[in-house]
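Written below as structure tokens is the structure these notes are about.
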Amino acid sequence: MTVSMKRMLRIGALGLLFATAAAWAQGDAKRGEYLSKAAGCLGCHTEEKKGAVPYVGGRALKTPFGTFYGPNITPHPEAGIGKWTEADFAQALRHGKRPDGANYFPAFPYPSFTGMTDADVRDLWAYLRSLPASAQASRPHDVGFPYNVRFAVTFWKMLYFTPGAFTPDAKLSPEVNRGAYLTTALGHCGECHTPRNAMGGPRKDRFLAGGKGPEGKDIPNLTPTRLKKKWDDKELADFLSAGLTPDGDVPAEAMSEVIRNTTGMLTPADLAAMIAYLRSLPSIESEPAAKK
Amino acid sequence: MKIKLVASGIALIVGAGYGAAAMAQAKPDVLVKQRQAAMTLQGKYFGPLAGMASGKVPYNAEVIARNAAYLDTLNKMPWDGFNNNTKDEKSRALPAVFTDTAKFKESADRVQSTISQLVKVSKGGDEATVKAAINDVNKACGACHDDFRAKQ
């Protein structure tokens with residue numbers, strides 16, 4: 001091989017590298033659309049009524065601390081997040097901070113989203129940018145004192161929020177790690193399935209073990225204590241992809257919605273990874289109240 | 001003739017009375033068992049429809065029309081089983097069934113009306129309309145389970 005040929009090859013490889021980097025920098029909106037489903041953005045950022053426009057906000061989340069409304073996240077400059085930069089978006093997901101530096105209430109599941117990879121944040125951003133802008137104003141939260149003090153969230157964060165991207169566990173298979181990422185970072189399953197203490201902080205010793213959910217209802221235990229007894233992998237996949245149970249039962253609408261918008265949209269490989277991860281969790285006995 | 005008519009009228013009324021009395025006398029544990037049986041059978045006939053709506057099971061208009069009619073009847077059965085005398089029985093029924101009866105009835109009525117709609121469209125409706133009607137039944141059932149049934 002001549003020197004010039006080598007150089008040409010090198011330049012070619014460099015060009016290819018740049019091309020990939022440029023594609024990355026822009027974000028892949030199509031991939032982002034899939035991620036928006038895996039992250040369940042639609043549920044809170046869309047009204048519940050029929051024919052509601054996706055992502056223009058409005059859904060109420062009734063918690064013991066008050067009622068939170070998902071805001072408009074379309075690219076409208078005033079009503080939505082049209083003036084944001086990608087860095088603003090990353091800061092919101094990773095650190096629970098608005099562009100002006102104020103805290104988000106943890107009704108926005110940034111304690112989960114903080115685990116998202118750079119590439120996923122970028123692609124999700126690209127997708128949100130591609131949405132039609134809507135001028136519908138976001139509804140203010142209906143939260144009483146003292147929970148309405150955004151500054152107080154700083155202390156909550158000190159206690160309960162650990163920022164940082166998801167790190168795969170080298171001891172676990174790539175599939176289980178992928179499932180862990182889907183479950184904990186994107187899917188934010190723990191926001192409902194991990195019970196909270198009186199301060200609204202997740203009880204880490206009862207990770208995904210169910211109990212009282214954010215809206216005061218019982219939430220099932222996802223650890224093998226319950227799942228192993230209940231269903232095999234195929235049955236679990238049917239449930240999470242189509243809401244089908246072996247006996248034709250209809251799950252509660254709170255989960256059915258998650259199935260329609262999120263777990264039912266996952267690729268078969270991602271769904272299998274999520275199930276493999278749930279199977280790998282340490283078994284935690286259900287609390288008596290949730291047992292029944 | 002007249003006497004006969006009156007007599008049979010009385011017999012009818014008495015008979016109806018017996019029926020009602022028999023219902024009221026059903027023991028709480030029996031009522032729970034019966035309402036659960038009605039729910040179980042609805043699961044049997046709704047499951048395949050949910051599978052068809054989501055594309056997991058091949059679409060079959062005949063099965064849908066048949067099952068929709070079954071469901072229409074079955075869905076009338078569980079409700080009188082949620083008698084107040086069953087409130088201390090062991091079941092997944094949440095206390096709200098007996099405390100927030102207005103909302104419970106509204107949720108149950110909603111299920112019935114979505115099933116009626118499914119019965120209507122299952123007679124020759126196009127696939128998309130029928131699937132949407134199945135999903136509406138699913139949502140109505142799930143909404144009631146959300147508020148009135150304990151998770152397992």
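All values derive from a computational prediction rather than experimental measurement.
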What heavy-atom pair brings [X] and [Y] nearest, and what distance separates the two atoms?
{"X": "G142(B)", "Y": "V250(A)", "result": "N-CG1, 3.8 Å"}
{"X": "D147(B)", "Y": "K217(A)", "result": "OD1-NZ, 3.1 Å"}
{"X": "L244(A)", "Y": "G47(B)", "result": "CD2-O, 3.6 Å"}
{"X": "D146(B)", "Y": "A252(A)", "result": "OD1-CB, 3.5 Å"}

With rounding to the nearest 0.5 Å, note down the distance linking [atom1] in [X] to [atom2] in [Y].
{"X": "M39(B)", "Y": "D249(A)", "atom1": "CE", "atom2": "CG", "answer": "9.5 Å"}
{"X": "E253(A)", "Y": "C144(B)", "atom1": "CD", "atom2": "SG", "answer": "12.0 Å"}
{"X": "K151(B)", "Y": "M255(A)", "atom1": "NZ", "atom2": "CE", "answer": "11.5 Å"}

Using a cut-off of 6.0 Å, state whether more than 12 heavy atoms not belonging to [X] lie near its atom [atom1].
{"X": "R139(A)", "atom1": "CZ", "result": "no"}
{"X": "K56(B)", "atom1": "NZ", "result": "yes"}
{"X": "R59(A)", "atom1": "CZ", "result": "yes"}
{"X": "F166(A)", "atom1": "CZ", "result": "yes"}

Which of T40(B), L49(B), N138(B), V57(B) touches chain A most, by non-hydrogen pairs under 4.5 Å: N138(B)
Taking K50(A) first and then D136(B), would you say they form a salt bridge - that is, a charged N and a carboxylate O separated by under 4.0 Å? yes
Give the intermediate values and the outcome of side chain to side chain contact (heavy atoms under 4.5 Å, CB included) for residues K44(B) and D247(A). CA-CA 6 Å; K44(B) 171 175 174 181; D247(A) 54 0; over 6 Å; no
